[in-house]
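Report on the following structure.
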Amino acid sequence: MNLFQDKMKLLFVLLPVLSAFAQEPFTIDGRIMADDFRIVATIADIEISAEEFLLNYEYGPAFLKRKKDSKQRYLDLMINEKVLALEGYAQNLDKTIHVKNTLLQIKSDLMTDELFKEEVMDSVSITESAIRNAVEQDLKHIQIKWLFQKTLKNIEYDYYQLTKGVSFDSMFTTQINDTVLIDDRSMETTLFKLKKNNPVLMSIIDTLVVGSFTHPIKTEDGFYIVKIEKGWSDILLTETKWNNHNARIRKALFKQKMDSLSDHYVEIMLRENNPVIKRPVFNLLRAWLAQTVLSKKQFSKWGFIEQKEMETTKYLDNKIQKHSSAALVHLNNGYISLKEFLSWYIPRKAYINLNRLSKDDFSVSVQNIVFRMVRDKLLTDRAQQRGIDNHKEVLKQIQWWENKTVYAKYKLELAKSVKISEDEVLDYYHNNKELFRSKSGVLQSFDNVKTEIKNTLRRERYSTKLIQNVLAAKRKYKIEINKKVLDDLYVDTQNDPRAIEVYTVKKGGLFPRQPYPTIDSEWKYWF
């Protein structure tokens with residue numbers, strides 16, 4: 001959410017939970033990297049293609065890009081992860097519930113990306129006239145200020161005062177205090193950005209001149225009066241800058257049109273299926289979710305279940321289990337069970353924030369995520385019906401993600417296997433007492449530092465086991481590297497001590513994740 005949306009809440013579009021996006025084809029400086037099937041390395045029966053390497057490298061951590069032989073070092077660490085994935089396959093970790101469910105969510109995301117490419121992207125077209133107009137709008141800047149009131153009565157009084165000649169700036173100043181800063185009531189933007197992010201407000205402002213203000217504008221959180229403080233245009237651009245500007249706006253317009261058509265596509269799909277939430281099962285789900293995120297005091301105050309029921313240990317867990325097959329949402333041709341929702345929710349719960357301002361706000365946020373799950377399931381089912389699960393792009397990327405997920409599971413199991421005894425912790429304390437003295441020489445008690453010692457020993461033991469397992473696996477599996485292909489691959493940044501860290505998250509879609517698998521940042525401790 002941009003600054004203007006965050007501050008003013010004036011965005012009149014579909015709920016974010018009902019938005020859909022398709023991932024754009026990957027390019028570097030405009031050059032498509034997809035479908036480069038040359039093999040960079042082979043590890044037993046796993047192949048690393050040029051495409052997989054480039055995507056992994058470009059989206060990966062920067063610590064190797066700062067060193068000599070960046071590509072070779074990066075490939076070595078990709079191989080480390082692949083050999084540990086092979087060890088994971090040998091232990092059937094790919095058949096564990098955690099791995100299977102994670103891959104199911106990622107595959108659903110990949111399938112819907114392809115669905116939108118096929119059914120929405122092909123219908124996107126932008127005229128040259130629209131691009132020229134957008135470029136011109138992006139060169140026109142405005143600075144705006146606004147007054148805010150919670151109630152209609154107060155904002156109408158403010159508007160009356162303005163019409164009687166009271167200075168907007170003086171009224172604006174009275175709203176600034178220790179908790180409301182100037183930046184909370186003003187911003188600078190371009191006409192293009194304003195139109196893209198808030199077409200309703202843009203249509204209002206477009207009729208005003210500098211120095212004038214709007215009528216009261218109603219939003220979800222209150223009422224606003226917006227004033228155009230000043231406006232100006234960029235100076236003429238050079239041909240190169242104009243072309244770059246043109247390309248950026250063209251891309252933004254394409255995405256804007258794509259998102260709009262995607263929203264419309266989802267809206268029609270939901271209308272066709274007519275999802276209806278079943279209240280008794282929803283109430284159970286709401287209570288269970290509330291128990292996981294609210295304090296006991298708040299949970300009791302909001303009264304999601306009877307007080308006597310709360311006294312029963314694991315009451316809601318047991319009830320959820322008992323009713324897992326019950327219908328949470330009815331559709332025209334079937335239903336979605338509580339169990340299906342939980343299978344969707346659990347892998348995403350770290351990324352879902354439920355509104356805890358009030359019981360009503362909490363209920364609405366739970367309802368929103370239920371409808372988001374309905375959207376995801378309907379899109380996935382439609383992609384499955386279209387046979388998109390067998391498309392080469394889906395099969396190719398899900399194999400990359402399976403290797404990465406099995407490797408991550410193997411690493412997790414390796415960490416869990418590390419056991420540190422109390423005797424080892426005590427021995428470390430006695431043998432390294434100088435580490436636990438204050439600047440004045442006072443020795444900290446064993447009880448105060450034993451957790452720290454245990455964590456230190458566990459990290460050291462885990463690192464040692466990880467290295468040993470990598471080296472053993474590399475001796476076990478045949479590894480071949482095609483140096484010629486590796487050397488031939490172009491990457492944006494290598495051997496550059498100033499390479500910066502960039503974290504990329506795939507926006508929209510069905511499952512929060514990196515756009516492509518990359519190596520773990522923790523490998524930097526090897527260098």
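Position 1 is the first residue of the sequence, and the numbers go up from there. Just so we're clear, the structure is a prediction, and the values are computed from it rather than from any experiment.
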Separation of [Y] [atom2] from [X] [atom1] (nearest 0.5 Å):
| X | Y | atom1 | atom2 | value |
| --- | --- | --- | --- | --- |
| Asn482 | Ile39 | CG | CD1 | 9.0 Å |
| Ile46 | Met78 | CD1 | CE | 10.5 Å |
| Asp496 | Arg498 | CG | CZ | 5.5 Å |
| Leu443 | Glu434 | CG | CD | 8.5 Å |
| Arg458 | Lys416 | CZ | NZ | 13.0 Å |
| Ile519 | Lys524 | CD1 | NZ | 11.0 Å |

Review point. Does the side chain to side chain contact (heavy atoms under 4.5 Å, CB included) test come out yes or no for Leu354 and Leu294, once each step is laid out?
Key: CA-CA 10 Å; Leu354 297 169; Leu294 299 179; over 6 Å; no
Can you see which heavy atom on [X] is nearest to which on [Y], and at what distance?
| X | Y | value |
| --- | --- | --- |
| Glu114 | Lys117 | OE2-NZ, 3.0 Å |
| Gly303 | Lys359 | O-NZ, 3.9 Å |
| Val425 | Ile420 | CG2-CG2, 3.7 Å |
| Arg286 | Ser363 | NH1-OG, 2.9 Å |
| Leu103 | Ile398 | O-CD1, 3.7 Å |
| Leu395 | Asn390 | CD1-O, 3.4 Å |

**Study point:** CA sep, side-chain torsions, deciding dist, call: Thr456, Arg459, side chain to side chain contact (heavy atoms under 4.5 Å, CB included)
**Key:** CA-CA 5 Å; Thr456 298; Arg459 282 194 299 270; 3.5 Å; yes
Could you check if a side-chain atom of [X] sits within less than 4.5 angstrom of a side-chain atom of [Y], using non-hydrogen atoms only?
| X | Y | answer |
| --- | --- | --- |
| Leu378 | Leu331 | yes |
| Val370 | Leu285 | yes |
| Gln72 | Asp76 | yes |
| Glu522 | Lys411 | yes |
| Lys465 | Ser417 | yes |
| Lys396 | Glu52 | no |
| Ile106 | Leu110 | yes |
| Met258 | Phe116 | yes |

What donor-acceptor contacts under 3.5 angstrom involve side-chain atoms of residues 339-349, with partners at least two apart or in another chain?
from: Glu340; atom 1: OE1; to: Ser337; atom 2: N; distance (Å): 2.8
from: Glu340; atom 1: OE1; to: Ser337; atom 2: OG; distance (Å): 3.4
from: Glu340; atom 1: OE2; to: Lys377; atom 2: NZ; distance (Å): 3.4
from: Ser343; atom 1: OG; to: Lys339; atom 2: O; distance (Å): 3.1
from: Trp344; atom 1: NE1; to: Asp376; atom 2: OD2; distance (Å): 2.8
from: Arg348; atom 1: NE; to: Leu510; atom 2: O; distance (Å): 2.9
from: Arg348; atom 1: NH1; to: Gln105; atom 2: OE1; distance (Å): 2.8
from: Arg348; atom 1: NH1; to: Trp344; atom 2: O; distance (Å): 2.8
from: Arg348; atom 1: NH2; to: Gln105; atom 2: OE1; distance (Å): 3.1
from: Arg348; atom 1: NH2; to: Leu510; atom 2: O; distance (Å): 2.8

Check your understanding: With a 4.0 Å cut-off, would you call Lys454 and Glu422 a salt bridge?
Key ->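 A salt bridge links Lys454 with Glu422.
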**Study point:** Lys255/Asp259 salt bridge by N-O under 4.0 Å criterion
**Key:**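 Yes.
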Which atom pairs, donor and acceptor, lie under 3.5 Å between side-chain atoms of residues 83-95 and protein residues at least two apart or in another chain?
from: Glu87; atom 1: OE2; to: Lys476; atom 2: NZ; distance (Å): 3.1
from: Glu87; atom 1: OE2; to: Tyr477; atom 2: OH; distance (Å): 2.6
from: Tyr89; atom 1: OH; to: Glu402; atom 2: OE2; distance (Å): 2.8
from: Tyr89; atom 1: OH; to: Asn403; atom 2: OD1; distance (Å): 2.9

Check your understanding: Run the side chain to side chain contact (heavy atoms under 4.5 Å, CB included) check on Asn355 and Asn368 step by step: do they pass?
Key -> CA-CA 11 Å; Asn355 192 329; Asn368 284 344; over 6 Å; no
Quick one: does [X]'s side chain have a donor or acceptor within less than 3.5 Å of a partner on [Y]'s backbone?
| X | Y | answer |
| --- | --- | --- |
| Thr112 | Thr380 | no |
| Asp361 | Arg356 | no |
| Ser70 | Gln494 | no |
| Asn432 | Leu435 | no |
| Lys450 | Leu426 | no |
| Arg375 | Leu270 | no |
| Ser49 | Phe37 | no |
| Asp184 | Leu181 | yes |
| Asp520 | Trp523 | no |
| Glu424 | Ser421 | yes |

**Study point:** Heavy atoms from other residues, nucleotides or ligands near NZ of Lys100 exceed 12 (cutoff 6.0 Å)
**Key:**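 No, the 6.0 Å shell around NZ holds no more than 12 heavy atoms from other groups.
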Point to revise | Neighbour count above 12 (heavy atom, 6.0 Å) for Asn431 CG | key: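 Enclosed.
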Could I get the full list of ring-ring contact (aromatic ring centres under 6.0 Å, His included) partners for [X], not counting sequence neighbours?
| X | answer |
| --- | --- |
| Phe436 | Tyr429 |
| Tyr335 | none |
| Phe282 | none |
| Tyr57 | Phe53, Tyr74 |

Any side-chain donor near an acceptor of the partner, [X] and [Y], under 3.5 Å:
| X | Y | result |
| --- | --- | --- |
| Ser295 | Gln298 | no |
| Asp317 | Gln321 | no |
| Lys409 | Thr96 | no |

Exercise for review: Given side chain to side chain contact (heavy atoms under 4.5 Å, CB included), test Asn56 with Ile48 step by step and report yes or no.
Suggested key: CA-CA 10 Å; Asn56 199 309; Ile48 299 177; over 6 Å; no
